[in-house]
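So the structure is just underneath, and the comments pick up after that.
We name chains A, B, ... by the order of the sequence lines, and we start the count at 1 in each one.
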Number of protein chains: 2
Amino acid sequence: MSNTILLNNRPEGKPQESDFKFVEQEVGTPGEQELLVEALYVSVDPYLRGRMRDEKSYVPPFELNEPISSNIVAKVLESKHENFKEGDYVSGNMAWKKKQVVSTDNLQKVNPDQAPLSAYLGILGLTGLTAYLGLNEIGQPQKGETLLVSGAAGAVGSVVGQIGKILGLKVVGIAGSDEKIEMLTSKFGFDGGINYKTTENMKEAIGKACPDGVDIYFDNVGGEISDAVLFHINKMARIVICGAIAVYNKTETPKALAVQPFLVKNSALMQGFIVSNYADKFKEAAQQLAQWLQEDQLHYEETIVEGFENIPQAFIDLFDGKNKGKMVVKA
Amino acid sequence: MSNTILLNNRPEGKPQESDFKFVEQEVGTPGEQELLVEALYVSVDPYLRGRMRDEKSYVPPFELNEPISSNIVAKVLESKHENFKEGDYVSGNMAWKKKQVVSTDNLQKVNPDQAPLSAYLGILGLTGLTAYLGLNEIGQPQKGETLLVSGAAGAVGSVVGQIGKILGLKVVGIAGSDEKIEMLTSKFGFDGGINYKTTENMKEAIGKACPDGVDIYFDNVGGEISDAVLFHINKMARIVICGAIAVYNKTETPKALAVQPFLVKNSALMQGFIVSNYADKFKEAAQQLAQWLQEDQLHYEETIVEGFENIPQAFIDLFDGKNKGKMVVKA
């Protein structure tokens, strides 16, 4: 009975099931200040692909034959720490294990009465913080501006667009199916959407959807979509580079349009980030997100896959855009 | 006797003599508040290439069959404005004409006793301001960091590097001849230099010259050199996009390495700018530059071409790197 998922190979190109290995590992018992927890919901995220590569990045790479880790909501089965008790729910970065002993550093208690537990991996977790802080800190949104979001039906993108609307922006999303585009406008209140899979000329389509140009481009994908956006950025535009899922699986460093001439011509900014850069603003951001959620100003979509054994496949499916909103596995 | 240079064709690729036309135009006489001036020194700059294209940019394009304009130091021959008198020297954006009638808006008086007149087109003019403000406002230099400058022997690059040294940075320059590299280290105090024309593996050479990585990349060139730099940027690196001379003459939008993955991985920033974005800081910056120049902390190189009729060729020569430092024509 396997209870742990290890990194078996560093993926070449798109990850495969064989890059993961299921093994049975001893669970152990908690020492002083430690907890024994059981995973309830496991987050799978595109950025994990980067950690499967053996190269320096903002977080160290996963080790071969060691458990993969991601954000998890877990239930406390046994506590040796005075601030936690059996039956509490916690979230934080934990290993892909059914049960495990964890230190309480960097764990947060979460409240199942405030929102469904899975939301703490999404809109009330790093996903929501990423959307909120990337848009506000880098995007510097001003009422009336045009915000274009790629990967708009994804976990981060759908929140970015909604926050944009709350802040009084015109919001256009790019996504990969008519169903997703419909969801952007009907459920999330976007002003418009572009299905990049059925659009032949993205450059033209963006121009049509954003007749006043693009002031903020929140980029989750990179690749050719982002090339097409460059032709429409306004003076002093801000391009928030949140992710580049279109290129994460490339085995060679990909080519794209040279951005420098566009940036010079428009005095535009492009900034990559990871949400932990803004850790000092997490509390304020989380409060704002929770308030908007309670006020029914924010909505979210999630794709919940059942079964611990399906974690690798759920992760792989991210790269085919099979998720709507946050992809979560119910362990 | 031709006294005016018009834009004859919009250049395809590298500009040619035939893209310019010499004509004789009426000089006219100054009305109220106007001056009659004679051009003494004419600045030729890579950015003018952009204005020869018929596309929206930060400044409107030049019109066909109209005079080209750039920064010029001129002598006042006749004044109808109380603040200027015959014999004064002024600088500002003026037409490529030997003599012309100008409004005094946006003209500054310059002092030939403080520095040679040509310096007001370079280190004490927009060139110096571009270097100072781009490095400080976007680069946000911190003592001990590594600054890499491309186009380092050029007008802006050589000033950027010297300011970097004054501010306590480690400074490495990239330029196109051994003579220029020698000048960077001996005359301008750079810590090191890379001759990209004789270096086969730029990625490796940059790694060797910047063993602690690159914190600030001041980019005047774009193209393959800038691709190679991406592999060496540090966390929170700032890439100042000042120019992209390597691609100004391309007829198709050039391809380059996709920058997004590098920016995300390092939470790095890339910002294009034009010096007029920081117009509110011109006065402070100009004072600082003049002070450093007087203190002999700043040096400059200039390439002075003789003769009004050689303005087009001097401009064309910029794209072959024939200048050392600021390229100026003595009219």
To the closest 0.5 Å, what do you measure between [atom1] ([X]) and [atom2] ([Y])?
{"X": "B:Asn266", "Y": "A:Ile274", "atom1": "CG", "atom2": "CD1", "result": "11.0 Å"}
{"X": "B:Gln271", "Y": "A:Met236", "atom1": "CD", "atom2": "CE", "result": "7.5 Å"}
{"X": "A:Gln260", "Y": "B:Met270", "atom1": "CD", "atom2": "CE", "result": "4.5 Å"}
{"X": "B:Ile239", "Y": "A:Leu269", "atom1": "CD1", "atom2": "CG", "result": "11.5 Å"}
{"X": "A:Lys265", "Y": "B:Arg53", "atom1": "NZ", "atom2": "CZ", "result": "7.5 Å"}

Taking atom [atom1] of [X] as the centre, does the number of heavy atoms from other residues, nucleotides or ligands within less than 6.0 Å exceed 12?
{"X": "B:Lys255", "atom1": "NZ", "result": "yes"}
{"X": "B:Gln140", "atom1": "CD", "result": "yes"}
{"X": "B:Asn201", "atom1": "CG", "result": "yes"}

If the condition is ring pair (Phe, Tyr, Trp, His ring centres under 6.0 Å), which residues does A:Phe262 pass it with, not counting sequence neighbours?
A:Phe231

Taking only residues at least two apart or on different chains, which pairs with a member in residues 273-284 of chain B satisfy side-chain hydrogen bond (donor to acceptor under 3.5 Å, both in side chains)?
A:Ser267-B:Asn277, B:Glu137-B:Lys281

